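Heavy atoms only: backbone and side chains are in, while hydrogens, waters and symmetry mates are out. Just so it is clear, the model here is predicted, and its values are computed rather than measured. Protein chains get the first letters and strands the later ones, always in sequence-line order, with residue 1 at the start of each.
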2 protein chains.
Amino acid sequence: MTPDPDITRGRKFEQVRRGASAIFLRDGFAGASVDDIARAAQVSKATLYTYFTDKSVMFREVMSASAAELFDPRMNLEPVDLPPDGHFADMLDDVLTWALDPECLRLHRLAIAEAHRFPDCVGNYLRLREACIVQPIRAQIDLWIKQGSIREHDSDRSSRNVAAMLLGNAIPQALLGQVPDEDRIRATARDCAWLFTLVHGIHQDMTA
Amino acid sequence: MTPDPDITRGRKFEQVRRGASAIFLRDGFAGASVDDIARAAQVSKATLYTYFTDKSVMFREVMSASAAELFDPRMNLEPVDLPPDGHFADMLDDVLTWALDPECLRLHRLAIAEAHRFPDCVGNYLRLREACIVQPIRAQIDLWIKQGSIREHDSDRSSRNVAAMLLGNAIPQALLGQVPDEDRIRATARDCAWLFTLVHGIHQDMTA
DNA sequence: GTCTATATACGGATAGAC
DNA sequence: GTCTATCCGTATATAGAC
């Protein structure tokens with residue numbers, strides 16, 4: 001929401017932004033035509049150019065607005081006051097399910113595709129997304145450590161490792177078109193939770 | 001190397017293929033212009049069109065040829081007859097370093113970017129890549145299981161988990177422009193190896 | 001088979017009426 | 001502020017000479 005000299009807001013701003021968003025997310029930056037965007041926004045091309053000085057400015061706005069929209073609501077995912085056992089798997093399930101949401105995937109694909117055309121945009125995106133994924137996990141782990149439910153350790157590292165294992169297979173495959181089904185998601189979440197508690201839990205059973 | 005009716009091979013075929021490869025990998029499908037490709041290949045546009053019926057055929061050829069070139073030499077990475085301890089971390093280091101190679105990253109980015117424009121191409125790519133990454137890990141694990149160095153378990157699952165944790169953080173970040181340095185790679189590889197042996201090893205020390 | 005030159009369409013961006 | 005109509009460069013693809 002920082003005022004951008006290249007962007008003038010007006011009546012149909014949201015409408016335009018949504019249209020642009022839809023087309024960019026579908027076709028990428030180079031693949032998107034402003035004619036298509038105008039059609040999708042139900043606005044004339046000239047109107048587009050009253051809002052944005054050119055296509056690249058339009059793209060930047062779409063990226064930051066989409067990221068803000070997608071990543072903000074997740075922030076209110078507070079750590080829950082429950083034992084690590086079953087809840088952790090549920091939580092990881094939620095995170096993975098969220099990350100596999102079509103909207104989330106499209107934005108991620110776009111960010112990757114345009115990474116070296118718009119490095120600044122994408123850097124910002126990466127930070128926001130990272131925060132949305134590993135921070136909840138880390139907060140939860142920290143709470144459990146504080147409560148003495150699990151052993152003390154470097155939660156920054158372990159939360160990143162958990163996130164990596166949780167998303168490391170599913171996201172690349174989903175980005176390439178093979179989205180895992182619910183059962184597969186659940187199994188992955190369980191594996192992660194199991195492995196985490198096995199390594200960092202207090203009462204681990206090595207024969208399990 | 002399957003004969004494609006849309007492709008006629010000739011004297012400058014390789015030259016053309018390399019030029020197209022360079023431009024597509026740099027600019028994506030929609031972003032690449034055939035003028036640029038012709039320039040990069042030091043060939044006229046007309047010559048391009050004697051080899052490929054159109055741009056999309058050119059793209060498909062680039063994808064499959066690049067994948068074949070990048071993924072084939074890795075196949076001869078045989079499991080080594082060593083104890084899991086130090087060697088596993090080294091091996092994982094190799095895998096991660098390879099996956100972070102600029103050429104490998106560019107192809108991966110392209111595959112993701114064009115996933116829904118060329119689903120067939122990308123499906124093939126995904127399988128080849130998967131095989132290159134988790135198969136060596138799995139083969140190594142299987143060997144150790146057979147030797148009795150580590151406990152018996154579902155190596156298919158564990159190798160995928162190891163691969164996920166190994167690549168899950170580094171690859172997305174690298175795709176978005178933030179390639180980790182050697183130390184970071186080494187640390188990640190070590191974490192993975194440590195965690196794997198801790199969970200599946202025979203002589204684990206839980207206080208470590 | 002390979003080139004130069006060109007057809008044809010589509011792209012981003014703008015002029016000017018309202 | 002929003003539209004219709006248009007400019008003009010660039011894009012893909014081809015014709016035809018050699």
Side-chain angles (χ1 to χ4, degrees), chain A residues 1 3-63 65 110 113-114 116-118 121, chain B residues 1 3-63 65 110 113-114 116-118 121:
Chain A
M1 292 292 182
D4 187 326
D6 294 338
I7 301 177
T8 61
R9 283 155 197 272
R11 194 156 51 87
K12 302 190 175 179
F13 184 82
E14 263 307 295
Q15 187 177 339
V16 166
R17 204 188 56 69
R18 294 203 168 277
S21 192
I23 301 303
F24 279 133
L25 285 169
R26 194 190 60 187
D27 298 337
F29 176 73
S33 80
V34 292
D35 292 85
D36 280 355
I37 292 175
R39 240 189 310 279
Q42 293 177 302
V43 158
S44 74
K45 271 198 286 184
T47 303
L48 294 182
Y49 282 100
T50 64
Y51 288 97
F52 308 100
T53 60
D54 69 4
K55 196 182 165 187
S56 72
V57 173
M58 231 154 72
F59 181 82
R60 284 171 203 281
E61 172 60 22
V62 163
M63 276 299 288
L110 186 62
E114 311 300 344
H116 67 312
R117 226 188 294 256
F118 299 95
C121 261
Chain B
M1 293 293 179
D4 187 326
D6 294 339
I7 301 177
T8 60
R9 282 155 198 271
R11 196 155 50 86
K12 302 191 175 179
F13 184 81
E14 263 306 298
Q15 187 177 339
V16 165
R17 206 189 54 70
R18 295 204 169 274
S21 191
I23 302 301
F24 278 134
L25 285 169
R26 194 189 61 186
D27 298 338
F29 177 73
S33 81
V34 293
D35 291 86
D36 280 355
I37 292 176
R39 238 190 312 277
Q42 294 176 301
V43 159
S44 75
K45 273 195 289 183
T47 302
L48 294 182
Y49 283 100
T50 63
Y51 287 97
F52 309 100
T53 59
D54 69 4
K55 194 180 165 187
S56 71
V57 174
M58 231 155 71
F59 181 82
R60 284 171 203 280
E61 173 61 21
V62 163
M63 277 297 290
L110 186 61
E114 310 300 344
H116 67 311
R117 226 188 295 256
F118 299 94
C121 261

### Query
When we call it a touch if two heavy atoms are under 4.0 Å apart, what does Ala38(A) touch: a base, just sugar-phosphate, or nothing?
nothing

### Message
Using the side-chain heavy atoms of Asp54(A), tell me which of these nucleotides is nearest: dA13(C), dT4(C), dT2(C).
### Response
dA13(C)

#### Entry: Distance, rounded to the nearest Å, where Lys55(A) contributes NZ and dC10(C) contributes P
16 Å

### Query
Looking only at atom types and distance, does a side-chain atom of Lys55(A) sit under 3.5 Å from a main-chain N or O of Ala32(A), one as donor and one as acceptor?
yes

### Summary
Ranking dT14(C), dT2(D), dA11(D) by distance to the side chain of Tyr51(A), first place goes to dT2(D)

#### Entry: Selection from dG1(C), dT12(D), dA15(D) that lies nearest to any side-chain heavy atom of Val34(B)
dT12(D)

#### Entry: Arg18(B) side chain to Ala40(B) backbone, donor-acceptor under 3.5 Å
no

### Message
What is the distance, to the nearest angstrom, from the CZ atom on Phe52(B) to the P atom on dT2(C)?
### Response
12 Å

### Task
Find the distance Leu48(A):CG to dG1(D):P and express it as a whole number of Å.
15 Å

### Query
Between Tyr51(B) (side chain) and Lys12(B) (backbone), is there a donor-acceptor pair under 3.5 Å?
yes

### Query
Nearest of dT4(C), dA13(C), dA13(D) to any side-chain atom of Ala46(B)?
dT4(C)

### Query
At under 4.0 Å, does any side-chain N or O of Tyr49(B) touch on OP1 or OP2 of dT14(D)?
no

### Query
Taking the side chain of Thr50(B) as heavy atoms from C-beta outward, which of dT2(C), dA13(C), dT2(D) is closest to it?
dT2(C)

### Query
Atom CD of Glu14(A) to atom P of dG1(D): distance rounded to whole Å?
15 Å

#### Entry: Nearest-Å distance for atom pair NZ/P, residues Lys45(A) and dA15(C)
14 Å

### Message
On the nucleotide dC3(C), are OP1 or OP2 found under 4.0 Å from the side-chain N or O atoms that Thr47(B) carries?
### Response
yes

### Task
Take atom CG of Asp35(B) and atom C1' of dT4(C), then tell me their distance rounded to the nearest Å.
13 Å

#### Entry: Sugar-phosphate only, base, or nothing, as touched by Ala30(A) at under 4.0 Å among non-hydrogen atoms
nothing

### Query
Ignoring hydrogens and geometry, is there a side-chain-to-backbone donor-acceptor pair from Asp54(B) to Val57(B) under 3.5 Å?
yes

### Task
Using whole Å, report how far CD of Gln15(A) lies from C1' of dC3(D).
14 Å

### Query
How many Å lie between CE on Met58(B) and C1' on dA11(D), as a whole number?
12 Å

### Task
Could you work out which one of dA13(D), dT4(D), dT2(D) sits closest to the side chain of Lys12(A)?
dT2(D)

### Query
With a cut-off of 6.0 Å (strictly less than), are more than 12 heavy atoms of other residues, nucleotides or ligands near CD of Gln42(B)?
no

#### Entry: Short side-chain N/O contact to dC3(C) OP1/OP2 from Ser44(B), under 4.0 Å
yes

